Amino acid sequence: MATVLYPGSFDPIHLGHLDIIEQASRLFGKVVVAILHNPEKHGGVFSVDERIALIQVALQSAQVKNVEIHAFPGLAVDAARVVQADFMVKGLRNSGDFEIEQQMAHTNFAVAGIPTVYLPCSPAYTSVSSRFIREIAQYGGDPSSMVPANVAHALKELFS
Ligand code: PNS
């Protein structure tokens, strides 16, 4: 059974991420959710430890038994090596995601020989994005339709 790495910033985890984790957990033997640094994103809302805790709680109601959560410094391919992942998994919302993910997939394969598998997100989540969730919460809006209940609560605590 394959082990897969699902890398991302997860700041914070949202329902689209959970959908991909649930799909991957049904398809593969083990799913490692890897919190990594995206150099294009500065100044996160939640610390890495907080992100891990939010993912752990969000997964409690998701009926997944084969999922681990870890944070890694540096490259996704190095995280994949550490956990002996056979593939990386990425979720695709739209063609914009495909352009970005295809470039990363080719680069990761070129430097480390690790293939990437894409999973389409469910139609309900094609517009869900951590960036917009952060913005909505920061300006006093309600992002609770896009995040698990514990994340909605944490955002409210943070910005109220
Ligand atoms: O959730 P995000 O921000 O879209 O995830 C992007 C992430 C963290 C997966 C990507 O930035 C990444 O892989 N960062 C680790 C550094 C790395 O491996 N860079 C080379 C990418 S080809």
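Treat the numbers as computed from the prediction; the structure is a model and nothing was measured. In listed order, ligands and their atoms are each counted from 1.
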How about H153: does its NE2 atom have over 12 heavy atoms from other parts shown lying under 6.0 Å from it? no
Tell me, which protein residue and heavy-atom name are nearest atom 20 (C) of ligand 1, and how many Å apart are they? L75 CD2, 4.1 Å
Check whether any side-chain N or O of R134 sits under 3.5 Å from a backbone N or O of V45 as a donor-acceptor pair, and report yes or no. no
Any idea which part of H37 is under 4.0 Å from ligand 1, heavy-atom wise: side chain, backbone, both or neither? backbone
Work out which heavy atom in L5 is nearest to a heavy atom in A34; give both atom names and the distance. CD1-CB, 3.7 Å
Ranked by distance from atom 10 (C) of ligand 1, the top protein heavy atom is M104 SD, 4.0 Å
Using a 4.0 Å heavy-atom cut-off, say whether N108 meets ligand 1 through its side chain, its backbone, both or neither. side chain
Protein contact to atom 4 (O) of ligand 1 [nearest heavy atom, distance to 0.1 Å]: K41 NZ, 3.7 Å
So, is T107 polar-close to ligand 1, with some N/O to N/O distance under 3.5 Å? no
To which protein heavy atom is atom 6 (C) of ligand 1 closest, and what is the distance rounded to 0.1 Å? N38 ND2, 3.8 Å
Nearest protein heavy atom with distance in Å, relative to atom 1 (O) of ligand 1: S9 N, 3.0 Å
Quick check on the hydrophobic clustering: are V67 and L119 connected, directly or via other members, by side-chain heavy-atom contacts under 4.5 Å? yes
When you measure from atom 5 (O) of ligand 1 to every protein heavy atom, which one gives the shortest distance, and what is it? G8 CA, 3.5 Å
With a 4.0 Å cut-off on N to O distance, would you call D11 and R51 a salt bridge? yes
Can you find an N or O of A76 that's nearer than 3.5 Å to an N or O of ligand 1? yes
With clusters defined by side-chain heavy atoms of hydrophobic residues (ILVMFWY) lying less than 4.5 Å apart, directly or transitively, does I136 cluster with V151? yes
Donor-acceptor pair, side chain of D86 and main chain of T3, under 3.5 angstrom: yes
S47 side-chain N/O to E50 backbone N/O, donor-acceptor pair under 3.5 Å: yes
Distance from atom 16 (C) of ligand 1 to nearest protein heavy atom, with residue and atom: G74 O, 3.6 Å
